[in-house]
Visitor: 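Here's a structure for you.
Predicted model only: the values in this text are computed from it and were never measured.
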Amino acid sequence: AALILGAASLIVFIVQRKEFGYYLRVPTSLSSAATTVTATNSSLASAPTWPSSSASVPSSPPTITAAAAGEVDDLDPAGAEDGVMIKEEEEDHPALAQLRSIEAAYAERGMGNVFALRGKGWLYRNHNLALTLIVRGDATTDGSRDVDDDAPATVARGSNVIEIYNVLEDGGGGRSPACDPSRVTIWVRVLGEEIVAGLATPSSRRCRWTFEFDLDEPGEYAIEAKLLSYHGLAPFDNAECRPRSAAAPVEEWAAEFPHNLSIDGFKFYDSALTCCEACTRFEGCRRWSVPSARPHHSCDLYFADEALASRHRPAEGYGPQRRERRRRDLRGIVVDEQVAWGTPRLDRNGTSYYLGCGWQPFLSLDYPCLTAREDMVHGTPRKIRLPPPPVPPATTESPRGNSTTEDSRPLCGADDEELRRDGHRYGRWVRIAGRNRENGTDPVLCPEKFEVDRESSKGHLIHRHYGSHPLCWHRDTLARMTATCVEPGCRFVVHDMWRSLLYEEGQARMLWARWEPHACRYRELTERQVQRCVSGRKIESIDTKGASIAAMLGEYLAQRLKGIRFVPPGNDTVRVQLTTLGMPHVAWHKTFEEFRTSLEDGEAFKGGEFVRGTEREVKFFVSGFLASSEREVHVTAERMLALSEIAEEDLKRKNNTILNAFDLTAAFTYDTAWQFDGLHVTGSPAKMVVVKLLHHLCASHVPLEPYE
């Protein structure tokens, strides 16, 4: 009788709410979706098609009413099966329709629980956020502030703003505290004749993010936006993992933690730390151990609650054939031989979570994105158009090859490398407008053939540099740059990586572009000019110091300096060093305080050598790159920027010149990263780091050429 009465009451409640414009939505049960995975042989291509993002966006973001908000607040924040009161027009918003479609795609493959562990699904289930974007410009075709992406809207020269907001405006939705935009990191790119990219700026008042951009070159553009991480700056103390260097006492845990799961893991370097981090981020995990007790797995996690364990059950691949092939190919590969167990770190409220579909040690293989678009903000790609000016200005051919007014910008100085968080953008990538841009040649700018430099291409593809025509170096072919896959298991995740519009364009034609600041310019030095600088400044060496990124930059630097004759060492000669301070490895292992201390005591410089710049010891620091993955735990875009800011503050006092690579790599973090790892960004950004180095080293020591 009680059950019948309760059911009748619920029906009456739904009818009443529907009459007033509301109804009760009950999300798919996570616990029921997390049952044993159903084997399927269906391919990725058969995944359900997502609804188009071209549906019109409301003129203003909807807001949840006080009455509905009160009912939402009564719900249990941790209850995955509780309903959420949402306005009818919000429920009908395309952003929510897209979420439902993604959820259905996961369920169809027997991976229903994975929806809540990746990208937009995690953000929606844990914080009730469903994000979409609009564009506000100085002018649009209809004079309104919103852009309809069915047809490219017209924006004006000058400041334009991309605004990202939560269609469930409350942002808490009864499942978490009020929305905190500062904890959600979003990458944005405006792609066209110019390429502008970076991180969206969180609002301090509302559940909003903005991205400001200026455009000069006429043409059509596409806006892309992807989620990166939640609380990427969360503090951590690895000592809280309390690792015991011994086999896990599994028998003792049987009564208290009877539910366990094993994850394959991808690039499980420092397996104890990585397994501890997985346990910390997965709600309900109470113990962890390495290696896994199951063959061909990396890590075991132990739970007291069966429902929470089921919620994090690995997907086991897309089907039995792929799963078995993956395990067969990974068999015998041992990343490290640690034997340890421990507890999760203590402060779960301060734990970060990777939202992207890029590389991640305990998500990529076990909880895969289906299409690599599960992290894209609804509305991507959004089309806009910048029309040509009514009356073209008088033009001359500038060194960059674009038809523009006379380039009167001053040369860039050290202050133009400053790292900033206020949304200000120093520059953008501009395509070089040679006469034959399709094949990257021009009678004046670059008459040379486009080909690979086999001698310089050691770890990845590098195209030939021509000493007399430095602009030729900025040609790249995205179709071949990131194809190499050398990491164990890489080939099982590389096909899940996002293929952007820029990458698709790169399959048909080359990319010929260079970094152009708005307020200054970098000199492109010929081989003869570099030799004059080296001889005039009595430079005996230019080398790189650091880890993997430093080695990668060293290959480009060695190519650029091929044929340059350095002076013999002497009492008045100069040594030049380009250092990365071991990034990204410091982001992986060090807290901010530990890194700051290592700078002060010289440990970051491997024993204190070459710490302070002098007339004879010229020092350059390359900032961290904008990482679109979490290739190793804690290696996030936010931490790379914060650590770079700490280094910038310290090294400026030590007469080091900072080279801002964070802004350079923002536009290509998905497209030219080696193996699509979202971190080792090669190609155009790496070349531009070398251009910046030679500019700051030589620009004031080499006279301007007539063409400059």
Side-chain angles (χ1 to χ4, degrees), residues 397-401 407 411-412 432 434 436 439-458 460-477 510-516 521-544 550-569 573-578 618 620 622 657 659 661 664 682-708:
E397 197 73 13
S398 73
R400 71 182 182 188
D407 194 345
L411 297 180
C412 295
I432 297 173
N436 301 303
N439 60 13
T441 61
D442 181 271
V444 177
L445 301 174
C446 179
E448 309 289 356
K449 183 180 179 181
F450 178 58
E451 58 186 7
V452 174
D453 186 339
R454 300 294 179 186
E455 182 180 347
S456 299
S457 299
K458 296 181 174 62
H460 52 280
L461 193 69
I462 299 179
H463 295 97
R464 187 175 173 185
H465 175 269
Y466 294 92
S468 299
H469 299 94
L471 285 177
C472 293
W473 202 33
H474 295 286
R475 300 176 296 184
D476 275 315
T477 170
M510 72 172 58
L511 174 71
W512 195 11
R514 70 187 299 265
W515 178 256
E516 287 283 351
R521 60 189 176 96
Y522 291 100
R523 293 185 65 184
E524 294 278 356
L525 300 177
T526 64
E527 183 177 338
R528 181 172 61 85
Q529 289 173 314
V530 174
Q531 182 63 66
R532 183 170 182 174
C533 168
V534 167
S535 301
R537 295 200 63 179
K538 298 183 178 180
I539 297 174
E540 66 175 68
S541 64
I542 303 176
D543 60 20
T544 58
M552 181 188 72
L553 293 174
E555 293 181 15
Y556 286 96
L557 181 61
Q559 183 198 35
R560 188 65 176 84
L561 297 176
K562 191 183 302 181
I564 299 298
R565 301 180 303 279
F566 292 96
V567 302
T573 56
V574 174
R575 289 183 291 183
V576 180
Q577 185 180 86
L578 179 71
V618 180
F620 292 89
V622 182
T657 299
L659 301 182
L664 291 181
T682 64
S684 299
K687 295 173 186 177
M688 202 64 211
V689 169
V690 176
V691 169
K692 284 187 171 190
L693 168 68
L694 296 178
H695 167 87
H696 290 295
L697 185 64
C698 299
S700 60
H701 296 270
V702 178
L704 291 172
E705 296 286 349
Y707 79 87
E708 296 183 279

Visitor: Is there a side-chain contact between L561 and F566 in this structure, where contact means two heavy atoms from C-beta onward sitting under 4.5 Å apart?
Guide: yes
Visitor: Tell me whether the count of non-hydrogen atoms from other residues, nucleotides or ligands lying under 6.0 Å of NZ in K562 goes above 12.
Guide: yes
Visitor: Do T526 and P470 have side chains that approach each other closer than 4.5 Å (heavy atoms only, starting at C-beta)?
Guide: yes
Visitor: Check whether any side-chain heavy atom of L659 lies under 4.5 Å from a side-chain heavy atom of L578, and answer yes or no.
Guide: yes
Visitor: To the nearest 0.5 Å, what is the distance between CZ (R532) and NE2 (H701)?
Guide: 12.5 Å
Visitor: Answer yes or no: is there a donor N or O on one side and an acceptor on the other, between the side chain of Y466 and the main chain of K449, under 3.5 Å?
Guide: yes
Visitor: Work out which heavy atom in S684 is nearest to a heavy atom in A513; give both atom names and the distance.
Guide: OG-O, 4.5 Å
Visitor: When you measure from the side chain of W515 to the backbone N and O of V689, does any donor-acceptor pair fall under 3.5 Å?
Guide: no
Visitor: Drop me the distance from M510's CE to D476's CG, to the nearest 0.5 angstrom.
Guide: 9.0 Å
Visitor: How long is the span from the OG atom in S468 to the CD atom in Q529, to the nearest 0.5 Å?
Guide: 10.0 Å
Visitor: So, applying side chain to side chain donor-acceptor pair (under 3.5 Å) with W473, which one of H465, Q559, E524 is it?
Guide: Q559
Visitor: Is the closest side-chain heavy-atom distance between C446 and H474 below 4.5 Å?
Guide: no
Visitor: Are the side chain of Q531 and the backbone of R565 linked by a donor-acceptor contact shorter than 3.5 Å?
Guide: yes
Visitor: Under a 4.0 Å threshold between the charged nitrogen and the carboxylate oxygen, would E516 count as salt-bridged to R514?
Guide: yes
Visitor: Would H469 and L445 satisfy side chain to side chain contact (heavy atoms under 4.5 Å, CB included), going step by step from the backbone distance to the final call?
Guide: CA-CA 7 Å; H469 299 94; L445 301 174; over 6 Å; no
Visitor: Taking side chain as C-beta onward, heavy atoms only, is C698 less than 4.5 Å from L525?
Guide: yes
Visitor: Which pair of heavy atoms, one from A550 and one from T544, lies closest together, and at what distance?
Guide: O-OG1, 3.5 Å
Visitor: In terms of the angle between their ring planes, are H696 and F620 parallel, tilted or perpendicular, with boundaries placed at 30° and 60°?
Guide: tilted
Visitor: Under a 4.5 Å cut-off applied to non-hydrogen side-chain atoms, are L697 and I539 in contact?
Guide: yes
Visitor: Could you list the residues that satisfy ring-ring contact (aromatic ring centres under 6.0 Å, His included) with H463, not counting sequence neighbours?
Guide: F450
Visitor: Counting distance only, does the side-chain N/O of H695 pair as donor-acceptor with the main-chain N or O of R523 below 3.5 Å?
Guide: yes
Visitor: Would the number of heavy atoms belonging to other residues, nucleotides or ligands and lying under 6.0 Å from CZ of R537 be above 12?
Guide: yes
Visitor: Within this structure, what is the CG-CD1 distance for the pair L693 and I542, rounded to the nearest 0.5 Å?
Guide: 6.0 Å
Visitor: Determine whether L694 and Y522 make a side-chain contact, defined as any pair of heavy atoms from C-beta on separated by less than 4.5 Å.
Guide: no
Visitor: Nearest 0.5 Å, what's the CG-CD distance between D453 and E555?
Guide: 10.5 Å
